[in-house]
Amino acid sequence: MSKIGLFYGPEGGNVEKVTRIIAEKIGADKVDVYKVKDVEIDVLDRYQYLVMGLSTLGKHTWSADHAHNDWDEFLPKLEKADLKGKKLAIYGLGDHIAYADHFVDSIGDLAEVAIATGVELVGKCSTEGYEFKESRAVVDGEFLGLPLDEDFESDLTVKRVNAWLKRVMPEFE
């Protein structure tokens, strides 16, 4: 199996915590971990298999208060990338209570940009077992990646990560 490139942002907090869990579960010898704020887009060329993780706040809050976050800097670069022939799995953190109308929207936003680059999206998840009102991450009844809520459901994170990786890792072989 080729090494996996795992890209995440922002650093610190719950996204980084979950990134460490995912990297440990994959195995240190099988994954290289990068903060999107510190990486140039050509690093993606090194990998056939990609994993990307990010957080979501309500879109109105995110746009107003965090106009220059790590992903706002990285996404315009990603839009110009050619990822044909590569596979991507996405995980996203959100708050299903305070942001039930925007739960893990960032998964959908990132997936939309990534799919336009030609990448094959893997690691979709059923909405079963999740409580929320709306999400741009849901297409045809499935999340386009792994949704996690560290604020209110951190006790489910490891279980959800394990189940997700059981589906994703065979796609990366």
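Heavy-atom basis, side chains included; hydrogens, waters and symmetry copies ignored. The chain is numbered in sequence order, starting from 1.
Under a hydrophobic-cluster definition in which Ile, Leu, Val, Met, Phe, Trp and Tyr are linked whenever side-chain heavy atoms come within less than 4.5 Å, directly or via other members, Leu121 and Leu54 are assigned to the same cluster. Side-chain heavy atoms closer than 4.5 Å link hydrophobic residues (I, L, V, M, F, W, Y) into clusters, and following such links, even through other members, never connects Leu156 to Val18. Note: the hydrophobic cluster containing Tyr99 does not contain Phe152 (ILVMFWY, side chain heavy atoms under 4.5 Å, direct or indirect links). Follow the hydrophobic side-chain contacts under 4.5 Å out from Met52 and you reach Val43 in the same cluster.
By the neighbour-count criterion of 12 heavy atoms within 6.0 Å, atom CG of Asp140 is sparsely surrounded, having that number or fewer from other residues, nucleotides or ligands. For CD of Gln48, the number of neighbouring non-hydrogen atoms (other residues, nucleotides, ligands) closer than 6.0 Å is greater than 12. Crowding of Glu79 atom CD: a count of heavy atoms from other residues, nucleotides or ligands under 6.0 Å exceeding 12. Residue-environment remark: CZ (Arg20) stays at or below the threshold of 12 foreign heavy atoms within 6.0 Å.
Ring-centre distance between Phe132 and Phe143: below the 6.0 Å cut-off.
A pairwise comparison of heavy atoms in Tyr91 and Leu6 identifies OH-CD2, 3.5 Å as the closest pair. Considering all non-hydrogen atoms of both residues, Trp164 and Ala89 come closest at CZ2-CB, 3.5 Å. Closest heavy-atom contact between Tyr47 and Lys3: CD2-O, 3.4 Å. Nearest heavy atoms, Phe172 versus Lys87: CE2-CB, 3.9 Å. The nearest pair of heavy atoms linking Leu165 to Pro170 is O-CD, 4.0 Å. In terms of heavy-atom proximity, Ala114 sits nearest to Leu88 at CB-CD2, 3.4 Å.
A salt bridge does not link Glu120 with Lys86: none of the charged nitrogens is closer than 4.0 Å to a carboxylate oxygen. Ion pairing between Lys37 and Glu11 holds under the 4.0 Å rule for side-chain N and carboxylate O.
Rounded to the nearest 0.5 angstrom, Trp71 CH2 and Lys77 NZ are separated by 11.5 Å. Here the CG atom belonging to Leu50 is positioned 9.5 Å from the CD1 atom belonging to Ile4, to the nearest 0.5 angstrom. For the atom pair CE of Met169 and OH of Tyr49, the computed distance is 10.0 Å after rounding to the nearest 0.5 Å. Within the model, atoms CG of Asp42 and CG of Leu44 stand 8.0 Å from one another, a figure rounded to the nearest 0.5 Å. Between the CD1 atom in Ile107 and the CG atom in Leu144 there is a gap of 8.0 Å [rounded to 0.5 Å]. Taking OG from Ser2 and CD from Glu173, the interatomic distance works out to 10.5 Å, rounded to the nearest 0.5 Å.
For the pair His102/Glu134, no side-chain contact is recorded, criterion being any heavy-atom separation below 4.5 Å from C-beta on. You'll find the side chain of Pro147 reaches within 4.5 Å of the side chain of Cys125, heavy atoms only. Asp151 places a side-chain heavy atom less than 4.5 Å from the side chain of Asn14.
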Run Val104 and Arg136 through side chain to side chain contact (heavy atoms under 4.5 Å, CB included) and show every step you take. CA-CA 8 Å; Val104 295; Arg136 289 193 305 272; over 6 Å; no

Given the rule in the side chain to side chain contact (heavy atoms under 4.5 Å, CB included) test, do Phe103 and Thr56 qualify, once you have shown the distances and angles that lead to the verdict? CA-CA 7 Å; Phe103 183 57; Thr56 300; over 6 Å; no

Any chance you could lay out the side chain to side chain contact (heavy atoms under 4.5 Å, CB included) test for Leu93 and Asp149, step after step, and finish with the verdict? CA-CA 6 Å; Leu93 279 71; Asp149 183 344; over 6 Å; no

List the steps, then state whether side chain to side chain contact (heavy atoms under 4.5 Å, CB included) holds for Arg167 with Val122. CA-CA 9 Å; Arg167 289 190 309 278; Val122 299; over 6 Å; no

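Under the rule for a ring-ring contact (aromatic ring centres under 6.0 Å, His included), Tyr8 has no partner lying at least two apart in sequence or in another chain.
In this structure, the side chain of Thr127 does not engage the main chain of Glu142 through any donor-acceptor pair within 3.5 Å. In terms of modelled atom types and a separation under 3.5 Å, the side chain of Thr117 and the main chain of Asp82 share no donor-acceptor contact.
Annotation: cation-pi geometry satisfied between Arg160 and Tyr130 (NZ/CZ under 6.0 angstrom from ring centroid, within 45° of ring axis).
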